Amino acid sequence: MDTEPGVEFDGRCVTACERCPDLVDSRSRIVNGVGPDDADVVFVGEGPGATEDEEGEPFVGRSGSVLDEALRDAGLARSSVRITNCVRCRPPDNRDPTTEELANCRGFLEAELRTVDPDVVVTLGKVPSQHLLGRSVAVTKEAGSVHDLRVDDTSLRLLVSVHPAATLYDRSQREGFFETIAAAARLGGVDVDGSDGGGQASLGDF
Ligand code: URA
């Protein structure tokens, strides 16, 4: 699909890319999004951490455990949603991706969002929220808010969320995070009686 030398991308997965020299040095592998190509809900994180880099899947470390818990609580099976990141290679020392690295990876994320065309895109934390909304975001204040997101000619809905790691640093963020994920389930059309995800839903009054 991509004709740039050294880049292999099939519309969802990148199998080769050397655009970001620091990330090429720090990664063990490229970590692509996981989940169905027609998922109703897509979660977008910042970039892979150490565990994700080791295992090759987004959100499988401590943040992933919190996300999994909130998904279960909302009646969303992890296997039914798509989970991806703004950048697909682990930044050195877990630093934030730079503006240039985010820009280098943006086309892959946009193509993935266009292909999946979900009911809702949930941005997990400040970096993905700012990256996709194209403005500064006070994420704790704006968590739970829904925005229009245009990716070329595809119109999507974006739901701002705090990053699951925030609940580990600050326990008081946990309830709000769980409520936002429950709102994502509702926006994604999940049957809150449990027949879609199988779990107990706890929808807020979103
Ligand atoms: N944090 C992220 O933003 N993405 C991951 O995949 C893991 C942790």
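Fair warning: this is a prediction, and the values are worked out from it, not measured in the lab. Ligands are counted one by one from 1 in listed order, and the atoms in each one are counted from 1 as well.
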> Ligand 1: which residues have a non-hydrogen atom closer than 4.0 Å?
Gly45, Glu46, Gly47, Glu52, Pro58, Phe59, Asn85, His163

> Is there side-chain contact between Thr123 and Leu132, with heavy atoms separated by less than 4.5 Å?
yes

> Considering only heavy atoms from C-beta outward, does the side chain of Leu113 approach that of Val42 to under 4.5 Å?
yes

> Are Thr84 and Glu112 close enough that a side-chain donor and a side-chain acceptor fall under 3.5 Å?
yes

> Quick one, Phe43 and Val121 - any side-chain contact, counting heavy atoms below 4.5 Å?
no

> Of all residues at least two apart in sequence or in a different chain, which pass the side chain to side chain contact (heavy atoms under 4.5 Å, CB included) check with Thr154?
Arg114, Asp117, Leu156

> State, without any angle test, whether Arg88 and Asn32 hold a side-chain donor-acceptor pair at a distance under 3.5 Å.
yes

